[in-house]
Trainee: 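Before I ask anything, here is the structure I am working with.
The figures that follow rest on heavy atoms only: side chains count, while hydrogens, waters and symmetry mates do not. Chain letters run A, B, ... following the sequence lines, proteins first, then strands; residues in each count from 1.
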Number of protein chains: 2
Amino acid sequence: MNGKAATRGEAHLSTRTRLERGRTALGPALELVHTGRAPTRAVLTAELGVTRATAGAVAAELEALGLIRIDAKPSAAAGSQGRPSHRLAVAEAGPVALAAQVHADGFRAALVGLGGHIVATAPGCETIDADPAQVLGSVIEAGAQLLRETGRRCVGAGLAVPSAVAEPEGTALNPLHLAWPAGAQVREIFADCVRDAGIEGPTFTGNDVNLAALAEHRHGAGRGARDLLCVATGHRGVGGALVLDGKLHTGSSGLALEVGHLTVRPEGRPCYCGSRGCLDVETDPLAFLTAMGVEPGPEGLLQQARRLLAEHYAEPVVRTAAEELIDRLGLGLAGLVNILNPDRIILGGLHRALLEADPERLRAVVADRSLWGRSGGVPILACTLDHNSLVGAAELAWQPVLDDPLGALG
Amino acid sequence: MNGKAATRGEAHLSTRTRLERGRTALGPALELVHTGRAPTRAVLTAELGVTRATAGAVAAELEALGLIRIDAKPSAAAGSQGRPSHRLAVAEAGPVALAAQVHADGFRAALVGLGGHIVATAPGCETIDADPAQVLGSVIEAGAQLLRETGRRCVGAGLAVPSAVAEPEGTALNPLHLAWPAGAQVREIFADCVRDAGIEGPTFTGNDVNLAALAEHRHGAGRGARDLLCVATGHRGVGGALVLDGKLHTGSSGLALEVGHLTVRPEGRPCYCGSRGCLDVETDPLAFLTAMGVEPGPEGLLQQARRLLAEHYAEPVVRTAAEELIDRLGLGLAGLVNILNPDRIILGGLHRALLEADPERLRAVVADRSLWGRSGGVPILACTLDHNSLVGAAELAWQPVLDDPLGALG
DNA sequence: TGACTTTGTGCCGCTACTAAACAAAACCAC
DNA sequence: GTGGTTTTGTTTAGTAGCGGCACAAAGTCA
């Protein structure tokens, strides 16, 4: 390479980074509207810490990109003085992200707009093939159908799987109750399926509990939290996730928050990890059924456990079993509080049902067993979003647009 | 307040934020020189992702601020082509941070320049008064003396204490073996002492293990790690710290990484936390002495444990006790790996000595008991810096300068 | 009806960059 | 040596994003 070529190459790189930068307040502004924290340009001005002129220009540019809508008519807030402001909202017919989820009961596809709004859903089938390519092909086919029906532009696609996803390979290490091979290249397979379906935009894959936590942080019970811990149990096993400063903490190889093997009952039942009394085997739906002396029925472990808890909580055997699980869960959460010191905890699946059955008991155990817990106590909440893993998968696909709207769409 | 005053107030705020911002590449550039990652302007150019013109201007400005030095004579790297570059280094007689540390054996004060270089040290006394104000007053007096002797400008002061520090109050919750009252307002007291001594600049207070981790991340065994976990034990109890993306993770109220109460031996000895077999009471120096059947001597638990380990490792009773502790420590670290998934682990105090006694055994236990650990294994290293808590305390004081050199010094 | 409050806009200028050409200082090959 | 190549540093010109400021708009309150 001669000197001229080197100079040109360098110049090209610089040009690209410049174009990719765009107006730097654009991304933060879109994120504020996306998470519902900027209902007007005046609030946007304050939240961004810029002048009104800049906030106005930024909002206008986002509107021109088709991402947000600025009301033509001003609307005064009740009991407010001064000039009424024009409301900001996400655009009605703007672009969408394609979200896909695979779980024990089947799969699901949806289109998710800004603000975490689910625009359209495809029910998906009820059984899961042993071949990931087969399943993901079907899911994407359903998603592509939704895109054709609605005619919306697609910014990218995200997939939620019930498995730890190793970084940076994107392999599913333990696809729980999916009959998929451990170590399946889900990220690569998903990307191939999306490309083959002719859908544009980048693709992303993540663990379902991680993505649920991300969704709850942006649009659900986790809004405003700085250090958010989520713990959830589906049919078997326990999943955890941590959102720090608005970003998922997945660890250096994507395997963080494997919280299932905290010891919560030293003399408890043996766990496949080699230890005893792990959170995983002591607080999942099967543990609940076992504690009640109930045989697993045909309806699914989680459904059965939730139903018994809701309908028969008055019966001593159910109540005792629930309290046992609450105490063990509390012990596990206290351990996590000592290590992570979150400012909010959100529970999903059966753990959510246990919280709702006796919130005081759970909070008391966590406060009692966490260091310095007596002098405060972390808020423990139930998750609030429907299909939060699906919305979280869409968040991944939206992220490039939130980081740099002009670069991703212009 | 009338309209004009409101406009003026707003204008003042905006002006200040503008002045505080300065050249935005200035901070990152200083950090690169500070951590030794930018030996020349050419490297600085590449690391910052800016043009040579910008990197040159930024370096010139940092030199004008008296923070870095640009060699007058170019020096060619061995076996390199092209024009030789001028070396960059931290300024020799530039400003310093005042660092203070309180521990069981006394206290220490030092001046620390950019690059984590200790410029001057005051030995400090050997006993600790029960009154924090008394101790911190003495330590600051020693530091002020150093400042007078050297005549260096001071950018701020940092204090490391062997206790959890609650945020945002800055109280020491468990000042271990200091005979200080739990809940002492150390941050406030320290700030008062610094102000009373006529030392300018902001003040900071943090836990000693946290600060050691920060120092190791910037200047020691943790350089280049993205998710760095540090675990250390002094005389009693175990401390932990986590550095994520170059920033300390202290949790929402400063109490994160209280790793001492992970269960590592279900039928172990009772712990003051109410549980049994906690890492705290199973892997500290006292546990080691107890396992060997040795009575604590007059030299201090840590010193005694380290000496026995170093001098008598060949004796079966010492070796067996060490292996027991290594196994328990490995179990605790594996638990942390499952939750945090760090890409590096650094050990200090007796834990460091245990690692160095039998590194293979410790690594094997961690790999065996962490999920998916067999297919990789986290690097486990000994800490490398002398006085890393002291250097870490200085890092706190340097941080405002690293964030915005012009705003902090101009 | 006017005074006040808040929101939104147009214009000007500053500043931290990029772009591009030039200059300098080493190496190599002949 | 001499010239070409590679890398580093500098100069000059230009620009994008944002702050400062004055003004306009649209409501409430007395």
Side-chain angles (χ1 to χ4, degrees), chain A residues 1-27 29 39-46 48-61 70-71 73-88 406, chain B residues 1-29 39-46 48-61 70-88 406:
Chain A
M1 204 199 285
N2 61 18
K4 270 221 153 112
T7 305
R8 264 214 308 278
E10 203 177 83
H12 173 65
L13 183 71
S14 300
T15 305
R16 200 175 50 182
T17 53
R18 254 198 69 265
L19 287 180
E20 273 173 7
R21 250 199 315 135
R23 199 179 273 265
T24 58
L26 219 52
T40 70
R41 273 173 292 193
V43 176
L44 191 62
T45 301
L48 288 176
V50 297
T51 58
R52 288 198 295 271
T54 303
V58 164
E61 193 158 353
I70 306 175
D71 273 7
K73 284 275 166 196
S75 55
S80 76
Q81 280 195 2
R83 173 176 172 175
S85 44
H86 304 245
R87 311 278 310 172
L88 302 182
L406 207 58
Chain B
M1 203 199 286
N2 62 18
K4 269 218 153 117
T7 305
R8 263 213 309 277
E10 205 176 83
H12 174 63
L13 183 70
S14 301
T15 305
R16 200 176 49 182
T17 53
R18 253 197 71 261
L19 287 180
E20 275 173 4
R21 252 200 313 134
R23 201 180 273 264
T24 58
L26 218 52
T40 70
R41 274 173 290 191
V43 176
L44 191 63
T45 302
L48 288 176
V50 297
T51 59
R52 287 197 297 271
T54 304
V58 163
E61 194 159 354
I70 306 176
D71 273 6
K73 285 274 166 199
S75 54
S80 75
Q81 281 196 3
R83 174 176 173 177
S85 44
H86 305 247
R87 309 279 310 171
L88 302 182
L406 207 57

Trainee: Whole angstrom is fine here: how far is it from CG in B/L44 over to C1' in D/dT7?
Mentor: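 Interatomic distance, CG of B/L44 to C1' of D/dT7: 16 Å.
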
Trainee: Quick one: B/D71 CG to D/dG9 P, roughly how many Å, whole number?
Mentor: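 So the two atoms are 11 Å apart, to the nearest Å.
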
Trainee: Could you give the distance from CG (A/L48) to CG (A/L26), rounded to the nearest 0.5 Å?
Mentor: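 Going from CG on A/L48 over to CG on A/L26, the span is 10.0 Å.
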
Trainee: How bent is the helix from C/dT1-D/dA30 to C/dC30-D/dG1, measuring the angle between the end axes built from five pairs each, rounded to 10°?
Mentor: 0°

Trainee: Applying side-chain contact (heavy atoms from CB on, under 4.5 Å), name anything that partners A/A59, two or more places apart in sequence or on another chain.
Mentor: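 Checked A/A59 against side-chain contact (heavy atoms from CB on, under 4.5 Å); matches are A/R41, A/L44, A/I68, A/I70.
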
Trainee: Using a 4.0 Å heavy-atom cut-off, write out nucleotides 23-30 of chain D from 5' to 3' as B (base contacted by protein), S (sugar-phosphate only) or - (no contact).
Mentor: -BBBSSS-

Trainee: B/T45 and B/A55: which non-hydrogen atoms are nearest, and at how many Å?
Mentor: OG1-CB, 3.2 Å

Trainee: Restricting to side-chain contact (heavy atoms from CB on, under 4.5 Å), what partner residues turn up for A/R83, sequence neighbours left out?
Mentor: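 A/H86.
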
Trainee: Of all the choices, D/dG9, C/dA16, D/dG19, which nucleotide is nearest to the side chain of B/A42 once you look at every atom?
Mentor: D/dG9

Trainee: Over how many whole Å does the gap from B/L26 atom CG to C/dA16 atom P extend?
Mentor: 9 Å

Trainee: In terms of the nearest nucleotide of DNA chain C, which residue is placed more toward the 5' end: A/A53 or A/S85?
Mentor: A/S85

Trainee: Specify the separation, in whole Å, of atom CG of A/L406 and atom P of D/dA16.
Mentor: 12 Å

Trainee: Which nucleotide wins on minimum distance to the side chain of B/T51, given the candidates C/dA19, D/dC18, C/dG8?
Mentor: C/dA19

Trainee: Nearest-Å distance, CZ (B/R87) to P (D/dT7)?
Mentor: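 Atom-to-atom, B/R87 to D/dT7, this comes out as 18 Å.
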
Trainee: Taking only residues two or more places apart in sequence or in another chain, which ones pass side-chain hydrogen bond (donor to acceptor under 3.5 Å, both in side chains) with A/S85?
Mentor: none

Trainee: Is there a side-chain polar atom (N or O) of B/R41 under 4.0 Å from OP1 or OP2 of D/dT7?
Mentor: no

Trainee: Roughly, in whole Å, what's the span from CG in B/L48 to P in C/dA16?
Mentor: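 So the CG-P distance, B/L48 to C/dA16, works out to 15 Å.
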
Trainee: Partners of B/P84 by side-chain contact (heavy atoms from CB on, under 4.5 Å), sequence neighbours excluded?
Mentor: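 Expected list: B/P74, B/A76.
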
Trainee: Rounded to the nearest Å, what distance is computed from the NZ atom of residue B/K73 to the P atom of nucleotide D/dG9?
Mentor: 15 Å

